[in-house]
Amino acid sequence: PVTIIVWDCAEKWEDVRWIGFEHRFTAKEMKEKLGLEKGMYSTQEFEVKGSGTKEDKCEVFEVWDKSDKSVFFIVGGCEEALNVTDDPLGLEEFFPMPKPLQFLRRINSTVPMPEYRVYKTLARKLAKTVARKAKIIEYVKATGGYDAGSPELANMLRGADGEMHPFTSSGFEGRKTIEKAFALLPVEGYAQVLVQLEASTRQAKELIYELTGISDIMRGSSVASESATAQRIKGNFGTMRVGERQKEVARFVRDTVRLMGEIIAEHFEPEVLTLMTGIEAGPSEVAILRDQTVRAFTIGIEDESTIRADA
């Protein structure tokens with residue numbers, strides 16, 4: 001499986017000259033795929049996913065060079081490129097993958113930028129605020145002390161509603177009310193801080209939602225006093241923001257399916273096409289599939305399942 005994908009840092013995807021797929025091959029895979037024996041390449045320890053153990057593997061980059069339409073392998077410990085092949089798939093755009101899925105586009109670079117970077121400062125502030133709230137909540141407790149002369153008062157806080165507890169009057173000499181026998185821990189200051197922290201939490205969340213384009217309606221949050229028109233406007237605003245992401249996903253799916261269709265048309269044998277489709281693939285059908293000009297007018301692949309219907 002491919003671990004990492006790298007490519008030339010061009011301003012636009014159309015200007016990218018090469019892409020590389022990182023593989024981590026075992027000794028057996030190195031012999032089967034590249035014909036190299038142990039000692040002819042360098043290895044390093046990589047963690048085996050899900051097992052917690054490590055295994056010696058060789059880091060190999062499969063490079064697709066669009067400038068001269070060739071594919072070759074760069075192997076750790078080898079000075080020269082191996083298994084140089086001229087355009088093995090013959091694809092229209094050469095690369096065996098569509099333009100990467102990107103929700104945030106840079107103006108002059110194809111380097112991906114995670115959406116988290118946009119609201120990283122707010123996310124850290126939110127995490128810090130939540131941690132402070134959790135710590136302060138530990139201090140907000142209904143606890144305190146009572147007069148040692150009336151130990152039976154300790155059971156009162158644990159009593160149920162309407163439950164009465166007997167006590168002697170000796171512990172209340174000089175007192176007019178039972179409140180003077182208790183000294184509860186003052187928590188008013190902590191409570192005020194919690195109110196401020198809660199407000200700060202809500203503010204940070206709202207800013208994050210605004211930056212990501214997730215409206216109240218899409219989060220399932222609403223106010224009963226809001227009119228239907230106000231809720232519809234908020235829903236439409238959120239849909240507009242998320243709609244750009246939906247279009248990007250639709251584009252990625254469409255381009256992927258087109259690549260699959262192009263590979264099938266160019267490289268699958270008629271017998272395989274017949275088994276896949278259940279329709280006899282004769283010479284005329286195969287000729288249409290493999291004719292670049294005729295195929296463009298005959299077959300069109302679109303991702304209809306991902307196209308959003310007009311409101």
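Model, not experiment: these values are computed from the prediction.
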Begin from the C-alpha positions of Arg202 and Glu198 and carry the test side chain to side chain contact (heavy atoms under 4.5 Å, CB included) through to its verdict.
-> CA-CA 6 Å; Arg202 287 197 302 269; Glu198 182 63 30; 3.2 Å; yes

Is there a side chain to side chain contact (heavy atoms under 4.5 Å, CB included) between Val60 and Lys33 once you walk through the steps?
-> CA-CA 11 Å; Val60 178; Lys33 298 180 183 297; over 6 Å; no

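- Between atom CG of residue Leu122 and atom OH of residue Tyr116 there is a gap of 10.0 Å, rounded to the nearest 0.5 Å.
- With contacts defined as side-chain heavy-atom distances shorter than 4.5 Å, the pair Asp255/Leu259 does not qualify.
- Here CH2 of Trp7 is found 14.0 Å from NZ of Lys66. Values are rounded to the nearest 0.5 Å.
- In this structure, the side chains of Met260 and Thr256 come closer than 4.5 Å at one or more pairs of heavy atoms.
- In this structure the side chain of Ile5 reaches within 4.5 angstrom of the side chain of Met97, judged on heavy atoms.
- One hydrophobic cluster holds both Ile19 and Leu89 under the rule that ILVMFWY side chains link at heavy-atom gaps under 4.5 Å.
- Atom OG of Ser109 is separated from atom CD of Glu11 by 8.5 Å, given to the nearest 0.5 angstrom.
- Here the straight-line distance linking atom CD of Glu22 with atom CD1 of Ile74 works out to 12.0 Å at 0.5 Å rounding.
- For the pair Pro98 and Trp13, the tightest heavy-atom approach, listed with the atom from each and the gap, is O-CZ2, 4.0 Å.
- Both Leu126 and Leu207 sit in one connected hydrophobic cluster of ILVMFWY residues. Membership requires side-chain heavy atoms under 4.5 Å apart, directly or through other members.
- In this structure a side-chain-to-backbone donor-acceptor pair under 3.5 Å is present from Gln102 to Thr110.
- Closest approach of Asp87 to Leu91, counting heavy atoms only: OD1-N, 4.2 Å.
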Can you check salt bridge (charged side-chain N to carboxylate O under 4.0 Å, His left out) on Glu248 and Arg245, steps first, answer last?
-> CA-CA 5 Å; Glu248 177 66 6; Arg245 293 170 172 80; over 6 Å; no

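- With Thr53 contributing its side chain and Val48 its backbone, the two residues share no donor-acceptor pair below 3.5 Å.
- A continuous path of hydrophobic side-chain contacts links Leu82 to Phe25 [ILVMFWY only; heavy atoms under 4.5 Å].
- Classification of the Phe73-His23 ring pair by plane angle, with boundaries at 30° and 60°, yields tilted.
- Expressed to the nearest 0.5 Å, how far CD of Glu93 lies from CZ of Arg258 amounts to 10.5 Å.
- Phe268 is not connected to Leu275 by any chain of hydrophobic side-chain contacts under 4.5 Å among Ile, Leu, Val, Met, Phe, Trp and Tyr, and they are in different clusters.
- Contact between Phe61 and Val6 at its shortest, heavy atoms only, is CE2-CG2, 4.2 Å.
- Annotation for Tyr139: atom OH does not count as buried by contact number, only 12 or fewer foreign heavy atoms lying within 6.0 Å.
- Atom NZ of Lys12 has 12 or fewer neighbouring heavy atoms from other residues, nucleotides or ligands inside a 6.0 Å radius.
- Under the 4.5 Å side-chain contact rule for hydrophobic residues, Met40 and Val84 do not share a cluster.
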Assess whether side chain to side chain contact (heavy atoms under 4.5 Å, CB included) is satisfied between Lys125 and Thr129, documenting all intermediate values.
-> CA-CA 6 Å; Lys125 177 182 177 181; Thr129 302; 4.3 Å; yes

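- When all heavy atoms of Gly77 and Ser42 are compared, the pair lying nearest together is N-OG, 3.4 Å.
- Taking CZ from Phe72 and OG1 from Thr85, the interatomic distance works out to 11.0 Å, rounded to the nearest 0.5 Å.
- Counting heavy atoms of neighbouring residues, nucleotides and ligands inside a 6.0 Å radius, atom CD of Glu80 does not exceed 12 of them.
- Of all non-hydrogen atoms in Val140 and Val187, the two that sit nearest each other are CA-CG1, 4.1 Å.
- Nearest heavy-atom pair, Ala281 versus Leu273, reported as atom, atom and distance to 0.1 Å: CB-CB, 4.0 Å.
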